[in-house]
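Both counts, for ligands and for their atoms, begin at 1 and track the order of listing. From a predicted model like this one, the values you see are computed outputs, not experimental measurements.
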Amino acid sequence: MARRIAIFDTTLRDGEQVPGCGLTKHQKLKIAKELEALGVDVIESGFPISSPGDFESVRLLSKEIKNSSICALSRAVKNDIETAARALEGAARPRIHTGLGTSDQHVFTKLNFTREQVLEKAHECVTHARSFVDEVEFYAEDAGRTSNEFLAQVIEVAVAAGAKVVNIPDTTGFCLPEEYGAKIKYLVDNVKGIENATISAHCHNDLGLATANSIAAIKNGAGQIECTINGIGERAGNTSLEEVVMVMKKHPELALDTGINTQLLFPISQMVAETMCMPVQANKAVVGSNAFSHSSGIHQDGVIKNRDNYEIIDPYEVGVNKSSIILTARSGRAALNFRLIELGVHLGKEELEETYQQFCELADRINVVEDKDLKHLVKDHQVVVK
Ligand code: KIV
Ligand code: ZN
């Protein structure tokens, strides 16, 4: 039987931290409703201590969203935790996400703590958060650059204090997939009581490895992935939700499952891009405008014969209407004829050849040949143009 992986969406927290992507509470609610419909398990809705606006957003989502846990971020600071707890009042499944840095870099040059103080704070913040809610998630910031031995000690303290989920962020996107996977396995093998908690993967994309690292974590025993729509987030972004979900769906041999309705992936991607003023790059995996477009002659011919020749995802599976054949100077006769037939134009062999030569000249000049250009090209032929 497939293992169910929880999807923790942080578009509204880590994603919203991106300059220019700030959202009003009503915009957050609009996106949260779509995330709920998409089937995400947890919606991280904000960092309530950071501003009155973010506090109000978490409050509003706590009232309105019932099918996903609503999570609020806090530092390992009493007032942060209490503010998060207040913002979450009324939530059906409130979650407090609290923690602190654990790498030498963070401990000694940011927090100015000793390692003992980190262990004390981990205990303190989880215990305090548990006095308000059941679902407490602990994060070990910069876990990616934390020694496995010390990380295991911190996580053991957090689990003993009652953390239900332990988040192992690769905050700087530094780890290699084998390294991050091995880190998760080390925790599974060495942390007393880890069977009482879910390990969560939270990866950043500074080296383009966030998706690979998240999958490596899952393969080594993590049970939750933290991600954002379109992979938006600090610097190079976070793990992209649509990518990890489709990796799991397309690889049944992994025997992993999520609660995501994949047909809503493209619509929510568009909506988030528009609302957060963050366009999706054309070649973005799964949801980019070119993800289901074919423009070279060899590929077009292959796709026309059998879609599976060049597509591993059926566009309908992710909510895209259909794959498109883009007519350019690299297209061949097969693609041209295919599109003409779609337009109701049936040409004989010689007419097709003549039209193809004209098409090539035109494509060299205007790059992409649209339907209106094709209709113009064939207007002198005795054919049916719908
Ligand atoms: O990347 C990170 O370490 C984070 C934590 C605050 C969870 O976003
Ligand atoms: Zn992060």
Side-chain angles (χ1 to χ4, degrees), residues 6-19 21 40-51 54 58 69-77 80-81 83-84 95-107 109-111 113 118 121-122 125-126 129 135-146 150-151 154-155 158 163-175 180 183-184 187 197-211 213-214 217 222 224-241 243-244 276 278:
I7 297 295
F8 175 116
D9 181 275
T10 183
T11 306
L12 302 179
R13 199 279 296 169
D14 227 340
E16 205 238 9
Q17 287 173 204
V18 175
C21 285
V40 308
D41 299 278
V42 186
I43 300 174
E44 188 165 46
S45 0
F47 182 17
I49 194 80
S50 67
S51 75
D54 225 28
V58 177
S69 293
I70 295 296
C71 178
L73 185 77
S74 80
R75 291 167 299 182
V77 172
D80 275 36
I81 295 170
T83 307
R95 178 179 297 194
I96 296 179
H97 190 191
T98 185
L100 74 168
T102 53
S103 63
D104 286 355
Q105 182 75 37
H106 279 222
V107 175
T109 75
K110 188 182 99 169
L111 300 169
F113 277 5
V118 172
K121 275 279 173 210
C125 70
V126 173
E135 275 186 37
V136 171
E137 174 167 338
F138 173 79
Y139 64 84
E141 195 180 4
D142 205 18
R145 293 189 297 171
T146 304
F150 183 59
L151 185 62
V154 181
I155 297 302
K164 297 269 169 75
V165 181
V166 285
N167 180 12
I168 312 301
D170 184 19
T171 305
T172 56
F174 175 73
C175 288
Y180 191 64
K183 190 175 282 291
I184 303 298
L187 298 176
T198 299
I199 299 180
S200 184
H202 178 116
C203 299
H204 281 263
N205 206 29
D206 300 66
L207 293 172
L209 292 170
T211 295
N213 284 349
S214 301
Q224 175 177 281
I225 296 183
E226 310 201 357
C227 45
T228 60
I229 300 293
N230 300 333
I232 68 164
E234 289 272 355
R235 306 181 310 279
N238 287 60
T239 302
S240 125
L241 182 148
E243 291 176 18
V244 284
M276 298 182 84
M278 193 72 168

Rounded to the nearest 0.5 Å, how far apart are [atom1] of [X] and [atom2] of [Y]?
X: N205; Y: C227; atom1: CG; atom2: SG; result: 12.5 Å
X: L187; Y: L151; atom1: CG; atom2: CG; result: 5.0 Å
X: R13; Y: E226; atom1: CZ; atom2: CD; result: 8.0 Å
X: F174; Y: D142; atom1: CZ; atom2: CG; result: 9.5 Å

request  = Could you pull out every protein residue that has a heavy atom closer than 4.0 Å to ligand 1, ordered by chain and then number?
outcome  = R13, D14, H97, Y139, E141, N167, P169, T171, H202, H204
[X] side chain to [Y] backbone, donor-acceptor under 3.5 Å:
X: D54; Y: F47; value: yes
X: K183; Y: C175; value: no
X: T11; Y: G15; value: no

query = How many protein N, O or S atoms sit closer than 2.8 Å to the Zn ion (ligand 2)?
reply =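 With waters ignored, the protein N/O/S count below 2.8 Å is 3.
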query = Quick check, are the ring centers of F8 and H97 under 6.0 angstrom apart?
reply =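 When the ring centroids of F8 and H97 are compared, they turn out to be within the sub-6.0 Å range.
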query = Do NZ/NE/NH1/NH2 and the carboxylate oxygens of R95 and E44 come within less than 4.0 Å?
reply =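 Salt bridge: no.
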